[in-house]
Protein chains: 2
Amino acid sequence: MVVQADDAVFRPVRAGNPFEETVERLLQAIKLGVVVPGDRLPPERELATRLNVSRVTLREAIHALTEAGYVESRRGRYGGTFVNEQLPKPRRTPAKRLARDLAAGLDDALTLRFVLETGAAEAAATRTLTDAERDHLQRCLADTNAATLTDYRRLDSRLHLAIAEVTGSPSLTSAMADVRMRLNELLDAIPLLQPNLDHSNEQHRAVVDAILAGDPQTARQTMQEHLAGTEALLRAFLE
Amino acid sequence: MVVQADDAVFRPVRAGNPFEETVERLLQAIKLGVVVPGDRLPPERELATRLNVSRVTLREAIHALTEAGYVESRRGRYGGTFVNEQLPKPRRTPAKRLARDLAAGLDDALTLRFVLETGAAEAAATRTLTDAERDHLQRCLADTNAATLTDYRRLDSRLHLAIAEVTGSPSLTSAMADVRMRLNELLDAIPLLQPNLDHSNEQHRAVVDAILAGDPQTARQTMQEHLAGTEALLRAFLE
DNA sequence: AGTCAATGGACTGGACGTAGACCAATAGAC
DNA sequence: GTCTATTGGTCTACGTCCAGTCCATTGACT
């Protein structure tokens, strides 16, 4: 009785070699706004331990990101590896090509994103938050509202991740970060228009308000509408 | 601005060595009922390719499972590696010990499970299902209803996975399989009582009915109640 | 009875990743 | 000015994992 489910359970044990996965992870931290321009990454020894890779491998990954223009390293005490103030622009891969490459996985990613993000909003609103968590949420919201067009994607991601964080479930946060990275390339292919951005900001505020007010039903519903907007935009653009 | 989110993004790139991860994956297939006793696993060459590990590594993993009593291999054409009819009983680790070990990750896993399973039920009810998918769901439901106490956990998992499958999102299915494995050890520590089992079966039927009827709201709500029951049982038992 | 295709079983050379030690530079503390 | 703790930079010996190849066994088909 072997059915389709084995596609899920017999999927690859590892996506690539440690080097590639490490690069991907560091890019995730930068592109999702977990570390912002000017920030210092943790020291190599500590970061290597946390990522569970050797320092050599981590350094190769950092070297690759240095060459790509994402980070810069300085030696000596109080040195470290710093995120560049000017991040490289994502290459605007032609949407046609993206659509062809990712069509298969697009529904997959969108479905998972929907489940994770609406669930996170609801779960966040269910918990009683600490003052630090409330501040953190509002800070991320304010940053996103103040974002320019070039910074918007990153700060938007940061806000959505912050919502996942305040659920108190690290696994949920990780899963959301992963699926968001999968959709990033596609989202970068869509031109960002100010009206859409304004509308997003309104919805963000409504979601955060509902979470802070402890209203799970509204938080979920509002997030659902927010995601539907992006999804419709995405599908329309790729048709 | 490095905050708590880096715990999620700077988490280990790989959980262990390929051997361990492969063993874990095969155990997942068996314990979640994706392959049932008597089934033949895919040929080593194919399975190694799908798991993205070398055949040597896969064979070591299979060897470990053979020694543990889960599978048996036969050579020659029409041979292969088969799941044993009599699976080893899970060792009943004392709940106290489990509670201590997993207390940190328990809320994490329960939160993620809640989000994924309620989301999956809703998403499944949103899609229009093929006849094969409807049959598959009902078959899994019937199997679970007919399950004995010893088989129940496995067939229950199989049913929940089937719901994830019919969302059409492999990533969602994988994520649910992973979180379920994390909770498995704990669930095995709880004695299974017939009344609880009967109640679960009723809820299962209600969830599947809602999915087949295309009623997302009811599917989510019913699944939520179902999960709440298990969660309450779990927490009460671990106190 | 013989054939043969598919499968598990075993071996080897090379590439990759790791652990650990050591070097070099830097900026604050004194 | 000197010292020193902390950080990135470099090297080496070792273990793991892998791709590829060939062998051994089996049972359905002719």
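If you're wondering where the values come from, they're calculated on a predicted model, not measured in any experiment. Letters go in sequence order (proteins before strands), and every chain restarts at 1. No hydrogens, no waters, no symmetry mates; every other heavy atom, side chains included, goes into these values.
At a threshold of 4.0 Å, the pair A/Arg25-A/Glu21 does not count as salt-bridged, since none of the basic side-chain nitrogens sits closer than that to a carboxylate oxygen. Ion pairing between a basic and an acidic side chain is recognised when a charged N comes within 4.0 Å of a carboxylate O; B/Arg153 and B/Asp188 show such pairing. Using a 4.0 Å cut-off between a side-chain N of Lys or Arg and a carboxylate O of Asp or Glu, A/Arg154 and A/Asp151 qualify as a salt bridge.
With contacts defined as side-chain heavy-atom distances shorter than 4.5 Å, the pair B/Leu129/B/Ile211 qualifies. Side-chain contact between B/Ile62 and B/Glu44 is present, with at least one heavy-atom pair separated by less than 4.5 Å. Side-chain contact between A/Asn52 and B/Val13: absent, with no pair of heavy atoms (C-beta onward) separated by less than 4.5 Å. Using a 4.5 Å heavy-atom threshold, the side chains of A/Val71 and A/Leu26 count as separate.
Side chain of B/Tyr78, nearest nucleotide from D/dT25, D/dG8, D/dG27: D/dG27.
One interatomic measurement links the two molecules: CD of A/Glu72 to P of D/dG9, which rounds to 11 Å at whole-angstrom precision. A straight line from CD of A/Glu46 to P of D/dT7 spans 9 Å, rounded to a whole angstrom.
Contacts classified as side chain to side chain donor-acceptor pair (under 3.5 Å) and involving residues 111-121 of chain A (residues at least two apart or in different chains) are given here: A/Glu117-A/His160, A/Glu117-A/Arg180, A/Thr118-A/Arg220. Evaluation of the side chain to side chain donor-acceptor pair (under 3.5 Å) test over residues 60-73 of chain B, restricted to residues two or more places apart or in two chains, returns B/Ser73-B/Thr81.
Side-chain contact check for A/Ser174 and A/Ser171: no donor-acceptor pair (N or O, by modelled atom type) lies under 3.5 Å.
Formation of a donor-acceptor pair under 3.5 Å by the B/Arg14 side chain with backbone atoms of A/Arg14 is not found in this model. Of the possible polar contacts, one joining the A/Asp39 side chain to the A/Val36 backbone as a donor-acceptor pair under 3.5 Å is found. In this structure, the side chain of A/Ser169 does not engage the main chain of A/Glu165 through any donor-acceptor pair within 3.5 Å.
Residue A/Arg59 is classed as a base contact, given a heavy-atom separation below 4.0 Å to a base. A/Arg74 comes within contact range of the sugar-phosphate backbone alone, with a heavy-atom separation under 4.0 Å but no base atom that close.
Contacts between residues 62-71 of chain A and DNA chain D, counted as heavy-atom distances below 4.0 Å, involve no residue at all.
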Short heteroatom pairs, N/O only, protein and nucleotides 15-18 of chain D, under 3.5 Å:
unit_1 : atom_1 : unit_2  : atom_2 : d
D/dC18 : OP2    : B/Ser54 : N      : 3.2
D/dC18 : OP2    : B/Ser54 : OG     : 3.0
D/dC18 : OP2    : B/Thr57 : OG1    : 2.3

Please write out the pairs of protein N or O atoms and N or O atoms of nucleotides 2-4 of chain D separated by less than 3.5 Å, giving the distance to one decimal.
none

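Contacts between chain B and DNA chain C, taken as any atom within less than 4.0 angstrom of a protein heavy atom, begin and end at C/dA5 to C/dC11.
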